[in-house]
Engineer: 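Have a look at the structure that comes next, please.
Owing to the predicted nature of the structure, the values given are computational and were not obtained by experimental measurement. As the structure lists them, so they are numbered: ligands from 1, and atoms in each ligand from 1.
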Amino acid sequence: MRPVVNPMTTTELLPAEAETADARAEDKKASLEINKLSKRLHRQVGQAVTDFNMIEDGDKVMVCVSGGKDSYSLLDILINLKQRAPIRFDIVAVNLDQKQPGFPGDVLPNYLKSRGVDFHIEEQDTYSIVKRLIPEGKTTCSLCSRLRRGILYRVAEELGATKIALGHHRDDIVTTLFLNMFFGSRMKGMPPKLVSDDGRNVVIRPLAYVREPDLVRWAEHREFPIIPCNLCGSQENLQRVQVKAMLNDWDKRFPGRVENMFTAMSNIVPSHMMDRKLFPFETIKATGAPVEDGDIAFDEDEACHTPSSAPVIKLHRDET
Ligand code: SF4
């Protein structure tokens, strides 16, 4: 076998040495990528927390941990940020053990102990309640989530938590926007910070700026002890599955489109929508002064704009 030449030194490497050098280069590349991912995740979470004033000095943040990649990542990143934050806040991790068959009850306590974080496991057999009340074959998620929500709100109050942190990420937010448009005729996403529906808690979503594929990679890198999410035997909501598939397809075919849609959620122009509750269409009058965002009669992007390089489509046979 011919020796391999190291292009950096022009010295010859034996095949075994070349393999080792390749492996070292691969390791270095992987570690650089993880380093970049770590920085991006921490920066995005820090940015979302700041932009929406999610965590304030003296807060006790109850992080809901289900055993999935998103909530593990959320807890992991918040623990790291807490150490460098200019404010003081406490974290308590909470898991709701819903008594689903096969739920490995020791996995989360062991992990949370190993992280040295305060935690509470709330045991409530919502699984039996849902099974008893929902006929076989019907989707159980809406009752299950309602029960879970009520329990978590109560636990937050009992623990003295001032914020409830959930692991929803950017792709959940965009998916929810489309679900609400497609099936609910509403332009409504998932808020990064909002008072809970019972009015007693403030819910925050610090992963709001984070992309799901980054969380998948982070969970693999950190080797979180993932608990499968199908223990209850319920199928994921079919409509959500379809919307996610649509967005994933767009993401592959039109890179940047999902990103733009997400950014658009922070750039709403009520005067160019049709919600009369958000803009006083009935009372507007011309003032004679130029108006930023005023109507430009024929918006270039919306008109039948044909790029000069595109073929002109003939509308009538006799057009030349
Ligand atoms: S998948 Fe199962 S545990 Fe999750 S919300 Fe639906 S019924 Fe509840």
Engineer: Show the nearest heavy-atom pair for residues Phe281 and Pro270, with the distance to one decimal.
Structural biologist: CZ-O, 3.9 Å
Engineer: Does any non-hydrogen side-chain atom of Cys144 lie less than 4.5 Å from one of Tyr127?
Structural biologist: no
Engineer: Check atom 8 (Fe) of ligand 1 and write out every protein N, O or S atom at under 2.8 Å, as residue and atom.
Structural biologist: Cys144 SG
Engineer: Looking at every non-hydrogen atom in both residues, tell me the closest pair between Gly189 and Thr176 and how far apart they are.
Structural biologist: O-CG2, 3.6 Å
Engineer: In chain order, what residues pass the ring pair (Phe, Tyr, Trp, His ring centres under 6.0 Å) check against Tyr111, with sequence neighbours excluded?
Structural biologist: Tyr72
Engineer: Between Arg170 and Asp172, is there a salt bridge with N-O shorter than 4.0 Å?
Structural biologist: no
Engineer: Should you measure from each heavy atom of Gln100, which atoms of ligand 1 turn up under 4.0 Å away?
Structural biologist: 3 (S)
Engineer: For the residue pair Asp97 and Phe103, establish whether any side-chain heavy-atom pair is separated by less than 4.5 Å.
Structural biologist: yes
